[in-house]
Amino acid sequence: MTPPHADHPGSTPVVHLTRRAALAAERAQQTGRAERATPPPHDDRARRATAPAPQPHADTRIRRVPRRRVAVAPHAATTPLASTQSAAPRRRGARASRLTITSAVAALAMFGASAMPAHAGTGTSAATSILAPAVGSQDFGVTRVALASTSRDGFTVGGGVAATDAAAGDTVTYGGEVRSPFPGPVRMSSGFGYRTAPCGACSSLHQGLDFNPGMGAPIGSVAAGTVRVSGVYFSYGETVIVDHVVDGRKVSTLYGHMIPGSSPLRVGDTVQPGQFIGSVGSSGVSTGAHLHLEVLMDGTLPIDPAAWIAAHTGRAL
């Protein structure tokens with residue numbers, strides 16, 4: 001900055017040749033003004049000592065209310081109230097317990113009354129004796145019973161030999177050249193064709209007919225033929241297969257699930273219609289005592305046994 005000439009008056013402006021010089025002059029002027037405006041330093045400790053203490057601000061809108069003392073009653077005076085308040089829940093709990101016990105007793109009495117038979121009482125009811133007058137009764141004593149003795153032969157009503165009397169070569173059914181394996185009507189549990197498998201190892205395609213005459217019932221041959229299988233046969237258990245010739249065509253019959261060792265037949269034996277085959281059992285994969293009968297055309301093709309037997313005997317099973 002170019003200093004002003006001493007002869008120039010103070011109001012004469014100073015022209016600076018560069019912008020930088022003008023900024024430097026402006027900063028110097030501002031620094032001088034700040035130094036002139038700064039007051040001399042004072043002793044803060046002396047000022048604080050001589051300064052009056054600040055007075056607290058008093059708000060005339062707030063009015064102090066003196067706290068009143070509350071007289072506390074002695075402990076003995078509060079005991080009845082406390083005992084009353086504590087006794088109320090106890091009384092409610094006692095009532096609830098009594099209701100629960102009463103309900104349980106009533107339920108037990110109702111269950112006993114419904115479960116106990118009317119004649120289970122040991123004594124005579126007073127109400128019964130009042131409502132229903134006593135009626136005299138008479139008893140009959142049987143001192144001797146005479147039973148007529150009966151004698152039975154070895155045949156059932158439909159013809160054939162009883163299960164306990166069946167033996168090799170016996171005829172257990174009667175009829176024509178083709179007949180049912182049992183002498184009379186027998187309940188059948190499972191027919192030929194698709195079914196719901198009765199067990200996990202059982203087949204859903206039932207290729208035979210199940211008869212349920214009872215355990216040990218004697219089984220007769222459906223027709224005359226020659227024994228092809230006698231013994232344990234796959235899942236059929238104790239089994240006999242007989243080959244026949246009916247109407248000029250080979251037909252085989254299979255008798256499964258018999259009692260082991262009940263069949264007197266051997267492979268190659270010749271059987272006649274109705275001849276004893278074996279006894280009804282539950283061997284092999286079975287859910288109960290029954291005869292599983294299959295009719296196999298040409299010795300291999302299973303067909304409905306009920307339809308085939310009915311067609312050759314003239315009557316339904």
Side-chain angles (χ1 to χ4, degrees), residues 158 160 172-260 262-263 265 271 273-317:
V172 296
T173 61
Y174 291 90
E177 295 298 325
V178 176
R179 60 190 67 176
S180 171
F182 299 102
V186 174
R187 186 177 71 89
M188 290 172 284
S189 59
S190 186
F192 181 83
Y194 287 98
R195 64 174 181 176
T196 300
C199 66
C202 299
S203 173
S204 59
L205 177 57
H206 196 225
Q207 297 182 349
L209 182 62
D210 289 347
F211 295 84
N212 301 103
M215 177 69 76
I219 304 168
S221 177
V222 170
T226 304
V227 177
R228 173 159 52 103
V229 174
S230 180
V232 177
Y233 187 71
F234 299 106
S235 61
Y236 297 102
E238 187 72 13
T239 304
V240 170
I241 299 178
V242 181
D243 294 331
H244 319 275
V245 176
V246 179
D247 296 336
R249 187 174 181 180
K250 180 181 177 180
V251 180
S252 300
T253 53
L254 180 149
Y255 311 83
H257 305 301
M258 295 188 299
I259 294 177
S262 64
S263 177
L265 302 177
V271 296
Q275 184 175 334
F276 177 66
I277 295 291
S279 300
V280 173
S282 185
S283 59
V285 179
S286 172
T287 58
H290 70 285
L291 167 66
H292 175 80
L293 176 66
E294 290 187 10
V295 175
L296 308 171
M297 298 302 296
D298 300 325
T300 56
L301 178 64
I303 62 173
D304 187 359
W308 186 84
I309 294 175
H312 287 80
T313 59
R315 59 185 179 88
L317 293 176

Hey, is the main chain of Ser190 close enough, under 3.5 Å, to the side chain of Arg195 for a donor-acceptor pair?
no

Contacts of type side-chain contact (heavy atoms from CB on, under 4.5 Å), residue Ser235, not counting sequence neighbours
Val285

Just how far is it from atom OG of Ser282 to atom CG of Leu291, taken to the nearest 0.5 Å?
12.0 Å

The criterion is ring pair (Phe, Tyr, Trp, His ring centres under 6.0 Å); which residues satisfy it with Phe192, sequence neighbours excluded?
none

According to the salt bridge (Lys or Arg N to Asp or Glu O under 4.0 Å) rule, which pairs have a member within residues 283-297, sequence neighbours left out?
none

All heavy atoms of Val229 vs all of Val227, minimum pair found to be O-CG1, 3.5 Å

State the OH-CD distance between Tyr194 and Gln207, to the nearest 0.5 angstrom.
9.5 Å

Please confirm whether the backbone N or O of Val240 pairs with a side-chain atom of Ser230, one donor and one acceptor, at under 3.5 Å?
no

Taking all non-hydrogen atoms of both residues into account, name the closest pair between Ser262 and Ser279 and its distance.
OG-N, 3.1 Å

Where do Met258 and Thr239 land on the side chain to side chain contact (heavy atoms under 4.5 Å, CB included) test, with the steps shown first?
CA-CA 6 Å; Met258 295 188 299; Thr239 304; 5.8 Å; no

Separation between CG (Leu293) and CH2 (Trp308), nearest 0.5 Å, reads 9.0 Å

Could you check if a side-chain atom of Phe182 sits within less than 4.5 angstrom of a side-chain atom of Val280, using non-hydrogen atoms only?
yes

Quick one: do Val178 and Val222 satisfy side chain to side chain contact (heavy atoms under 4.5 Å, CB included)? Show the steps, please.
CA-CA 6 Å; Val178 176; Val222 170; 3.9 Å; yes

For His244, what residues pass the ring pair (Phe, Tyr, Trp, His ring centres under 6.0 Å) criterion, not counting sequence neighbours?
none

Return each pair, listed once, that meets side-chain hydrogen bond (donor to acceptor under 3.5 Å, both in side chains) where at least one residue sits in residues 296-305; pairs must be two or more places apart or across chains.
Arg249-Asp298

Rounded to the nearest 0.5 Å, how far does CD of Glu238 lie from OG of Ser286?
13.5 Å

What residue pairs, at least two apart or across chains, pass salt bridge (Lys or Arg N to Asp or Glu O under 4.0 Å) with a residue in residues 275-289?
none

Run the side-chain donor-acceptor check on residues 210-217: report pairs under 3.5 Å with partners two or more places apart or on a different chain.
| unit_1 | atom_1 | unit_2 | atom_2 | d |
| --- | --- | --- | --- | --- |
| Asp210 | OD1 | His206 | NE2 | 3.3 |
| Asp210 | OD1 | His292 | ND1 | 3.1 |
| Asp210 | OD2 | His206 | NE2 | 3.4 |
| Asn212 | OD1 | Ser189 | N | 3.1 |
| Asn212 | OD1 | Ser189 | OG | 2.9 |

Check Gly220 against Val172 and note the closest heavy-atom contact, atom names and distance.
CA-CG2, 3.2 Å

Give the minimum heavy-atom separation between Thr173 and Pro183, together with the two atoms involved.
CG2-N, 3.6 Å

Heavy-atom pair with the smallest gap, counting every atom of Gly281 and Ile259
CA-CG1, 3.6 Å

Distance from Ser263 atom OG to Ile219 atom CD1, nearest 0.5 Å?
9.0 Å

Applying side-chain contact (heavy atoms from CB on, under 4.5 Å), can you list everything that pairs with Ser252, at least two apart in sequence or on another chain?
Arg228, Ile241, Asp243, Lys250, Leu296

